[in-house]
There are 2 protein chains.
Amino acid sequence: MEAKNKKMKMMTLDQLKDRDIGKIGTPERDKYEFDLRMELLGEMIKSVRKERNLTQEQLGELIGVQKSQISKLERSTKNVTIETILKVFRALKANVRFSVEMNESEFKVA
Amino acid sequence: MEAKNKKMKMMTLDQLKDRDIGKIGTPERDKYEFDLRMELLGEMIKSVRKERNLTQEQLGELIGVQKSQISKLERSTKNVTIETILKVFRALKANVRFSVEMNESEFKVA
DNA sequence: AAAAAAGTTATATTATATGGAAACTTTTGC
DNA sequence: GCAAAAGTTTCCATATAATATAACTTTTTT
């Protein structure tokens with residue numbers, strides 16, 4: 001990526017994302033935002049696991065899956081089902097919360 | 001279910017769930033808790049959709065799926081992928097938050 | 001630096017979530 | 001109460017998430 005526009009002074013992160021990845025709502029941008037979330041979720045698993053002083057193998061044993069599975073969940077850019085997420089955090093004795101907010105009102109789920 | 005125990009005065013909801021469904025951590029109970037969460041998530045979709053004054057068909061059009069699909073998401077006890085959830089709430093212009101908490105520390109994801 | 005442990009990746013299989021179509025049921029408006 | 005609209009369910013196909021195994025790479029320990 002080159003900075004061709006001489007007049008450009010500053011851009012917000014959002015402006016950059018709009019320009020380089022696509023506007024919010026476009027498939028490209030949505031995918032990016034989604035991947036980002038997935039990455040964070042994976043990091044979340046990893047950091048809680050570390051906090052509990054577990055190896056991937058040990059966490060796997062708690063859940064009943066191989067370590068390779070844990071590795072994937074921690075680093076995959078792919079999609080996950082809620083069931084899997086809950087299973088993992090349950091084993092880690094951590095609580096997951098989903099909440100939905102629209103405008104002012106916020107509704108908590110679980 | 002009968003109330004055989006004459007001495008029983010009161011029970012908390014948790015005690016009832018422990019007795020009738022199984023202790024937390026048992027597969028039965030975990031499934032129950034999970035179903036509950038899923039149900040709430042479906043209800044969440046429904047209530048936000050209603051808030052936006054949309055029919056299932058209209059919401060489906062926004063996302064690009066049939067109304068039957070929306071119906072399923074709103075009422076299914078089945079599992080869902082995060083991608084699907086995000087897709088729906090994105091269309092509803094609502095924000096979904098996942099957060100994970102263990103002990104005192106709370107980490108926000110997305 | 002060698003050995004052991006932890007983590008990653010590739011490949012393949014199985015289970016299941018997504019989705020459409022259409023018939024059906026329930027709710028709503030007149 | 002009837003018709004239309006909204007929602008649900010069933011049946012089915014397709015896509016993909018979950019998983020194991022085993023080889024591989026990276027990190028840690030001694």
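Each chain gets a letter, A, B and so on, in the order its sequence line appears, and its residues count up from 1.
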Below 3.5 Å is the cut-off: list the nitrogen or oxygen pairs between protein and nucleotides 4-8 of chain C, distance only.
| residue | atom | partner | partner atom | Å |
| --- | --- | --- | --- | --- |
| C/dG7 | OP1 | A/R49 | NH1 | 3.1 |
| C/dG7 | OP2 | A/Q56 | N | 2.8 |
| C/dG7 | N7 | A/K67 | NZ | 3.0 |
| C/dG7 | O6 | A/K67 | NZ | 3.2 |
| C/dT8 | OP1 | A/R75 | NE | 3.0 |
| C/dT8 | OP2 | A/Q56 | NE2 | 2.6 |
| C/dT8 | OP2 | A/S71 | OG | 3.1 |

### Query
Between A/Q69 and D/dA18, is there a side-chain N or O to OP1/OP2 distance below 4.0 Å?
no
### Query
How close or far is atom P of D/dA17 from atom CD1 of A/I82, stated in whole angstroms?
14 Å
### Query
Looking at side-chain heavy atoms only, is the closest gap between B/K93 and B/R52 below 4.5 Å?
yes
Can you give the donor-acceptor pairs under 3.5 Å from side chains of residues 61-70 of chain A to other protein atoms, not counting sequence neighbours?
none

### Query
When rounded to the nearest 0.5 angstrom, what is the spacing between NZ in B/K46 and OG in B/S71?
8.5 Å
### Query
Between B/K87 (NZ) and D/dA15 (C1'), how many Å, whole number?
11 Å
### Query
How close or far is atom P of D/dT8 from atom CG of B/L59, stated in whole angstroms?
13 Å
### Between CD1 on residue A/I45 and CG on residue A/L59, distance to nearest 0.5 Å
8.0 Å
### Task
Check whether any side-chain N or O of A/Q66 sits under 4.0 Å from OP1 or OP2 of D/dT21, and answer yes or no.
yes
#### Entry: A/L40 vs B/F98 side-chain heavy atoms within contact, under 4.5 Å
no
### Task
Drop me the distance from B/S76's OG to B/L41's CG, to the nearest 0.5 angstrom.
10.5 Å
### Query
Between atom CG in B/N79 and atom C1' in D/dA18, what is the gap in whole Å?
11 Å
### Message
Using five pairs at each end of the helix from C/dA1-D/dT30 to C/dC30-D/dG1 to define an axis, what is the angle between those two axes, to 10°?
### Response
60°
### Task
Assign A/G64 to base, sugar-phosphate, or nothing according to its heavy-atom contacts below 4.0 angstrom with the strands shown.
sugar-phosphate
Sort me out a list of protein N/O and nucleotides 25-30 of chain D N/O pairs below 3.5 Å, or just none if empty.
none

### Task
Return the set of residues passing salt bridge (charged side-chain N to carboxylate O under 4.0 Å, His left out) with A/E74 (not counting sequence neighbours), or none when no residue passes.
A/R49
### Task
Answer yes or no: is there a side-chain heavy-atom contact under 4.5 Å between A/T81 and B/V80?
no
### Task
Not counting sequence neighbours, which residues clear side-chain hydrogen bond (donor to acceptor under 3.5 Å, both in side chains) with A/E83? List them please.
B/N79
### Message
Measuring only between side-chain heavy atoms, which start at C-beta, is A/T55 closer than 4.5 Å to A/Q58?
### Response
yes
#### Entry: Test item: B/M102 and A/F89 side chains (from C-beta on) under 4.5 Å apart, heavy atoms
no
### Query
Counting just side-chain N and O atoms, does B/T81 come under 4.0 Å of either OP1 or OP2 of C/dT18?
yes
